Structure formats: structure tokens, C-alpha cells
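Everything below concerns the one structure shown next.
Only a predicted model underlies this, so the values are computations on that prediction, with no experimental measurement involved.
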Amino acid sequence: MDGFLLQTTIFLGTAVIAVPISARLGMGSVLGYLLAGVLIGPILGLVEHSEDLLHFAEFGVVMMLFLIGLELDPRALWAMRHKLIGLGGLQVLLTGTAITAGAIWMDQPVKTSIALGMIFALSSTAIVIQTLSEKNLMKTGGGRSAFAVLLTQDIAVIPMLAILPLLAAGPILQIATDGSIHSVGGDEAHAAELSLVEGLPGWGVTLVTVGAVVAVVLAGRYLVRPVFRFIHSANLREMYTAFALLIVIGIALLMTMVGLSPALGTFLAGVILATSEFRHELESDIQPFKGLLLGLFFITVGSQIDFAGFFSDPVPILSLTLALIFAKAVILFGLGRVFGLRGRDQVLFTLSLAQAGEFGFVLISFALQQHVLEPALAEELMLVVALSMLITPLLFIAYDLLTRRMSDSAEIHPDDEVDEQGPVIIAGIGRFGQIVNRLVRSAGFRTVVLDHDMRTIELMRRFGVKGFFGDPTRPELLHAAGLAEARVLVVALDDPKAATKLVAFARRDRPDLHIVARAHDRHHTFELFNAGANDIVREMFDSSLRAGRYVLENVGLSEYEAAQAEQAFYKHDRYTIRELAQHWDPKVPTVENRAYIARAKELEKELEMSLLALLESERKEQD
């Protein structure tokens with residue numbers, strides 16, 4: 001017991017240090033956990049036996065697959081079926097087949113080669129999704145295609161986990177160089193300590209197995225809801241967590257007792273519960289346990305990676321890693337071209353998915369338990385997976401370098417010829433600009449809409465809203481849209497820097513022009529104010545103000561009093577922005593700007609006193 005607690009303390013302590021550092025460096029939490037394991041494993045020699053902790057941490061994988069199932073609404077999956085089955089399915093199939101063939105060519109046994117194909121067909125969901133989000137590439141064609149493939153891979157893990165035990169049954173076959181096939185070993189089936197199928201005939205095993213799956217489906221469909229309502233009546237928050245854990249652990253136990261993968265059952269239950277009204281409750285209850293146990297899993301995996309052996313002879317492992325990345329990149333490049341990706345989108349799609357992924361560790365550990373892989377080979381595979389993931393940030397750097405000067409014909413569309421002018425120019429027709437445009441046009445005024453996103457322009461045209469494609473920050477496009485005669489310019493661009501640039505240019509070109517600008521946050525408001533915008537609307541300010549009014553109406557104020565408070569707050573906030581703009585310095589972080597902080601505190605106190613005085617005055621008048 002003491003040894004287990006010591007291991008857990010060391011693991012968690014190292015993770016608390018390594019993971020935030022990894023996240024700050026942009027490498028993601030998965031690599032942080034792996035590096036933590038490397039530090040406490042073979043390099044420092046602090047942990048010699050982590051098998052018990054690994055078995056415990058592997059339950060995080062089961063929970064992760066349950067959460068993946070919860071996020072996969074069957075209707076959403078059906079809407080994405082073409083990319084999931086086409087692009088994603090072909091990637092998994094072609095990559096797995098190519099690696100399997102390469103492993104057989106290198107004299108690996110057939111079953112081992114199939115396992116290798118499944119392991120290396122997967123990419124790192126955690127690293128790729130996080131990096132695409134951080135770089136604002138998720139909405140690009142390449143980013144959306146990469147997401148579809150990653151989703152397919154996550155789903156494909158389920159049948160892979162079901163196939164691996166089948167590869168362990170019977171002797172392992174190997175294809176010799178002369179084409180002959182012979183056996184190189186065998187594997188004995190290990191029955192579970194608690195089994196519902198042990199000693200049953202074949203038809204009995206099948207019947208019990210199918211019955212268990214049907215029981216999971218029916219329970220998820222008809223039993224979870226009434227039990228949740230029963231628990232709700234107890235009004236005890238911890239009971240929700242207990243029931244969520246009971247679902248996952250109970251299904252995992254049932255699947256184990258019938259000889260199936262626990263992950264298969266929990267994933268199936270997650271998909272069934274994806275449409276339940278309790279989906280978010282289950283997700284929030286399971287998420288902390290999943291994150292902690294999965295982190296421990298990756299730490300234990302990292303602690304078992306033999307980096308000392310790698311540094312003693314790095315060439316073979318490094319060569320395999322680079323060969324894997326090259327092979328996957330070639331397949332991804334070809335698939336991207338077949339599915340219409342070009343230029344930057346194709347490069348992003350190719351490089352972002354060329355590594356192995358965290359599910360590779362899961363499959364390697366599971367294959368090792370099932371005696372599909374030899375321990376020595378498993379150690380080498382873990383090194384290859386870890387190194388390919390460590391190289392992933394370099395792949396994204398390569399993407400930046402390759403696309404910086406790329407002439408991307410797939411993404412470059414010639415600017416539309418602007419043949420209309422009007423009193424109002426709207427730059428940006430996203431969620432914000434659409435509302436402004438609809439209101440102004442409905443009131444009988446003409447608008448000229450400009451946007452640099454061709455997909456958005458085409459979507460608006462389907463609804464009868466004419467817009468012109470082009471970069472609104474380009475002076476020639478603005479002049480073609482009638483900047484010289486326009487009365488109002490609405491700057492509704494998503495990119496804060498581009499919005500500030502556009503406001504500054506328009507103010508220089510037309511000192512008399514009225515500019516209404518969308519601000520991302522308060523700091524962006526100051527930038528737009530300095531650039532010359534007349535009216536600045538923060539994205540969330542008005543909606544938050546209205547929500548605050550609803551709160552006041554339901555905590556004791558009348559509708560009139562709440563409306564008066566809302567109006568007073570609005571006027572004071574505009575005054576606050578003007579006051580704080582005099583102290584704001586873009587070169588000094590806000591937390592270090594003492595004059596700004598002091599004035600902000602004074603203004604907040606003034607607001608509180610003025611609102612209290614206003615409400616007191618209103619009450620006296622009513623009395």
C-alpha cells in the first residue's frame with residue numbers, strides 16, 4: 001500500500017510541474033504527461049514497478065471512450081457520413097494496409113503486422129485539435145477535413161480493441177521470405193475471474209454476448225432516465241457522480257464477463273445516451289475522473305519508454321519514426337487531392353495528421369496484455385509513437401514555413417468587381433454583420449457588403465443577400481464600394497487587428513465618416529477608440545447587459561427600475577471607456593498599469609453609488 005501511495009504521489013507531483021510547462025510551450029497536455037513519465041521512469045529510476053498503477057490508470061481509457069460516445073450524436077454522425085466514411089475511412093484503411101504490408105515485408109508475423117497497421121493508422125487527436133484551435137485553423141478546409149479524419153479514427157479504435165483479442169487466439173503466423181507461412185508461437189486464452197461464458201458451448205457464448213449488448217442498449221434507452229429522476233429527488237450532488245461512475249464501471253464489468261472489450265460497451269452506451277437530457281450531467285461528472293486517470297495512463301506509458309536504450313542506438317528508432325511520418329504524409333496528400341483539397345488546405349491536412357497518436361499507446365498496451373506483441377517490440381513501438389508526437393510541433397512549424405510564400409490557387413479567388421455603392425458599407429458579414437445588415441436594409445437603406453470569406457458570401461447569396469468578395473482592408477476595394485460618398489462604415493470583422501487597421505485607414509481617408517466598429521473585448525475597444533471609431537460595440541456587452549436586466553427583474557426590482565438601472569449602467573460604461581482610454585497603454589500589461597487600475601476602481605465605486613442613488617430616488621417617487 002505504501003509503495004502504491006508513493007508511486008501515485010510521485011506521478012501526480014511530476015504531472016503538476018510538467019504538464020503546465022508543456023501546455024505553455026504549445027506541446028499539449030498529452031506530451032506533458034509523457035514527459036513526466038519519462039522523468040520519473042527509466043531516466044531517474046524512481047519507479048521500478050508501475051504495472052499495478054497502469055492497470056488502474058487504464059480505466060481512464062474506458063472513460064474516455066464513454067465520453068467520446070456521449071459527444072457523437074447519431075444525427076450529427078449521419079450528417080458527416082460522407083467525410084467520415086469516405087475521407088476518414090479510407091485514411092484508416094489505406095494507412096493500416098500500407099503499414100501492415102511494410103511490417104510483413106520486414107518479416108514480422110502476420111498478426112503482429114495487422115496490429116502494427118491499426119496502431120499506426122491513428123493520429124494524435126489531443127495534439128492536433130488543440131494546435132488547430134490555437135492557430136485558428138479549425139474552420140479552414142484542411143482543418144475541417146483533419147477533424148473528420150480524427151473523429152473517424154476515434155470511432156475506429158472501438159473495432160480495433162475488439163479485433164486485437166482475436167489476433168491473440170491461436171498460433172501467430174509468419175510469412176517467410178520464400179512466401180511460405182509457418183507458426184512462430186501460440187497464446188493461451190486467459191479466462192476472466194468472473195465469467196458468464198466460461199464452459200458454455202459456442203452458441204451459448206454467442207447468445208450471452210449478444211444478450212449483454214442488447215441489455216446495455218435497452219438499459220441506456222429505458223432505465224437511465226427514471227433512475228436519474230429518482231436520484232434527483234434525493235437532492236444530493238454526489239449521487240449524480242456515483243451513478244455516472246456506476247454506469248461506466250458496471251458496463252465495463254459486464255463486457256469483461258462476456259469476453260468483450262470494456263471500451264466497446266462503454267462507447268456503445270455513450271452513443272445511446274448522446275441524445276439524453278442527462279448527457280451534459282454525465283459528461284461533467286465523468287470528465288474529472290477521465291482526465292486524471294488518462295493522465296496517469298500516459299505517465300505510466302512514459303515511465304515505461306526506454307529512452308536510455310534509444311540514446312544508446314537512436315538511428316533505427318529515428319529512421320522508423322521518419323519513415324512512418326513520410327508514409328502517412330504520402331497517403332494523406334493523395335487522399336487530400338482526391339477529396340478536393342488544394343494548396344494550404346492540402347498541406348495542413350497532410351502535415352497535421354502524419355504522426356502517430358495517443359490511442360497508439362492504448363492499443364500497444366492492450367496488444368501487449370493480449371500477447372499479440374512481444375515486450376521488446378512494444379517498447380520500440382512506444383518510442384516511435386512518442387517521438388512522432390514530439391515531432392508534431394515541428395510539422396506545424398513546417399506548415400507555417402511552406403505556406404508563408406505559397407501561391408495558393410485553391411484559396412485565392414479574384415476579388416469581385418464592386419458595381420454598387422450605397423450610404424452604408426458593411427465590412428464583414430458574419431454573425432454580427434448579418435444582424436446589422438438585416439436591420440439597416442429592412443429600414444429601407446441600401447448597404448454594400450464586403451467580406452473576405454467566399455463561403456460566407458456564397459451562403460448569403462443563397463438567402464438573397466448580395467455581397468462582394470474581397471479583403472475589406474484593401475483601399476481600392478473600399479473606394480470601389482463608395483467610401484468617398486458613404487455616410488457610415490460598419491467594421492464587423494472577426495480579426496481584431498484587421499478591424500483596427502480598417503478603422504485607422506478609413507479615418508485617415510475620410511475624417512468626416514461615421515464609423516461603427518465591433519470590438520472583441522475592452523482592450524480592443526481602446527485600440528479602436530485610438531484608431532478613430534465613433535461608436536464601438538463590444539461583442540458580448542449588449543447581450544450581457546440585457547441578461548443583467550432580467551436578473552434584476554427577478555430579484556426584486558420592477559421592470560421600470562431594472563430598465564433604468566440598465567440605462568444608467570450603459571451610460572456610465574461609455575463614460576468609463578473614455579476615462580480609462582486616457583490611462584491605457586498598449587505597451588504595458590493591464591495588471592501592471594497602476595494608474596489604469598486605480599482609475600478603474602474609482603469608476604466602479606462611482607457606478608455603485610450612482611445606481612443605489614438612482615434606485616432610492618425611484619422608490620421615493622413611487623412612495
Side-chain angles (χ1 to χ4, degrees), residues 20-21 23-26 130-139 396-397 400 403-404 425-433 436 450-453 471-475 477-478 483 488-545 569-607:
I21 293 175
R24 290 285 297 273
L25 294 177
Q130 179 178 336
T131 307
L132 290 175
S133 299
E134 290 174 353
K135 293 180 174 290
N136 295 321
L137 295 171
M138 187 63 76
K139 294 182 179 180
F396 279 99
I397 293 174
D400 292 334
T403 57
R404 186 170 297 169
I425 300 174
I426 298 180
I429 193 65
R431 293 174 300 170
F432 187 95
V436 177
L450 308 174
D451 201 290
H452 65 284
D453 189 334
D471 184 359
T473 62
R474 292 179 55 195
L477 190 68
L478 286 170
L483 180 64
V488 179
L489 169 66
V490 179
V491 180
L493 301 177
D494 290 330
D495 185 356
K497 292 183 179 179
T500 305
K501 175 183 175 183
L502 176 54
V503 170
F505 168 77
R507 178 56 65 219
R508 288 194 306 268
D509 196 76
R510 282 281 311 278
D512 60 325
L513 180 66
H514 194 93
I515 302 176
V516 180
R518 162 194 177 186
H520 179 70
D521 52 24
R522 178 168 285 193
H523 285 185
H524 190 212
T525 300
F526 296 141
E527 293 176 355
L528 292 171
F529 181 82
N530 292 338
N534 299 98
D535 294 316
I536 304 170
V537 181
R538 276 172 279 164
E539 292 176 349
M540 306 299 294
F541 181 73
D542 288 330
S543 56
S544 301
L545 202 57
F569 184 95
Y570 173 77
K571 292 180 179 178
H572 189 275
D573 187 81
R574 297 191 67 177
Y575 168 71
T576 297
I577 291 295
R578 290 192 296 270
E579 285 291 305
L580 292 179
Q582 302 175 21
H583 301 281
W584 181 73
D585 187 346
K587 299 178 181 179
V588 179
T590 302
V591 295
E592 299 177 8
N593 191 330
R594 296 184 178 180
Y596 180 95
I597 293 174
R599 186 57 180 146
K601 289 181 177 179
E602 293 174 359
L603 292 167
E604 192 66 20
K605 191 66 175 177
E606 291 177 12
L607 171 63

Asp535 CG to Phe529 CZ distance, which is reported to the nearest 0.5 Å
11.5 Å

Reported CH2-to-CG distance for the pair Trp584 and Asn593, which is rounded to 0.5 angstrom
10.5 Å

Cationic N near anionic O, under 4.0 Å, Arg431 to Asp494
no

Hey, could you give me the CG/CD1 distance between Leu493 and Ile429, rounded to the nearest 0.5 Å?
11.0 Å

When rounded to the nearest 0.5 angstrom, what is the spacing between NE2 in His452 and CG in Asp495?
7.5 Å

So does His524 have more than 12 non-hydrogen atoms from other groups sitting under 6.0 Å from NE2?
yes

Decide yes or no on side-chain contact (heavy atoms from CB on, under 4.5 Å) for Leu528 and His520, but give the supporting numbers first.
CA-CA 10 Å; Leu528 292 171; His520 179 70; over 6 Å; no

Minimal non-hydrogen separation, Leu450 against Leu478, with atom names
CD1-CD2, 4.1 Å

Approximate separation, where rounding is to 0.5 Å, of Thr590 OG1 and Arg522 CZ
10.0 Å

Tell me whether Arg599 contacts the main-chain N or O of Thr576 through its side chain, where contact means a donor paired with an acceptor under 3.5 Å.
no

Take Leu502 and Ile515 through the side-chain contact (heavy atoms from CB on, under 4.5 Å) test and state the conclusion after the steps.
CA-CA 10 Å; Leu502 176 54; Ile515 302 176; over 6 Å; no

Supply the atom-to-atom distance Leu580 CG to His523 NE2, rounded to the nearest 0.5 angstrom.
9.5 Å

Crowded around Glu606 CD? As in, over 12 foreign heavy atoms under 6.0 Å?
yes

Once you measure the plane-to-plane angle for Tyr596 and Phe526, does it fall in the parallel (<30°), tilted (30-60°) or perpendicular (>60°) bin?
perpendicular

Electrostatic pair Lys605-Glu602, nearest N-O below 4.0 angstrom
no

For Asp512 and Arg510, run salt bridge (Lys or Arg N to Asp or Glu O under 4.0 Å): C-alpha distance rounded to whole Å, both residues' side-chain angles, the deciding distance at 0.1 Å, then the answer.
CA-CA 5 Å; Asp512 60 325; Arg510 282 281 311 278; 2.8 Å; yes

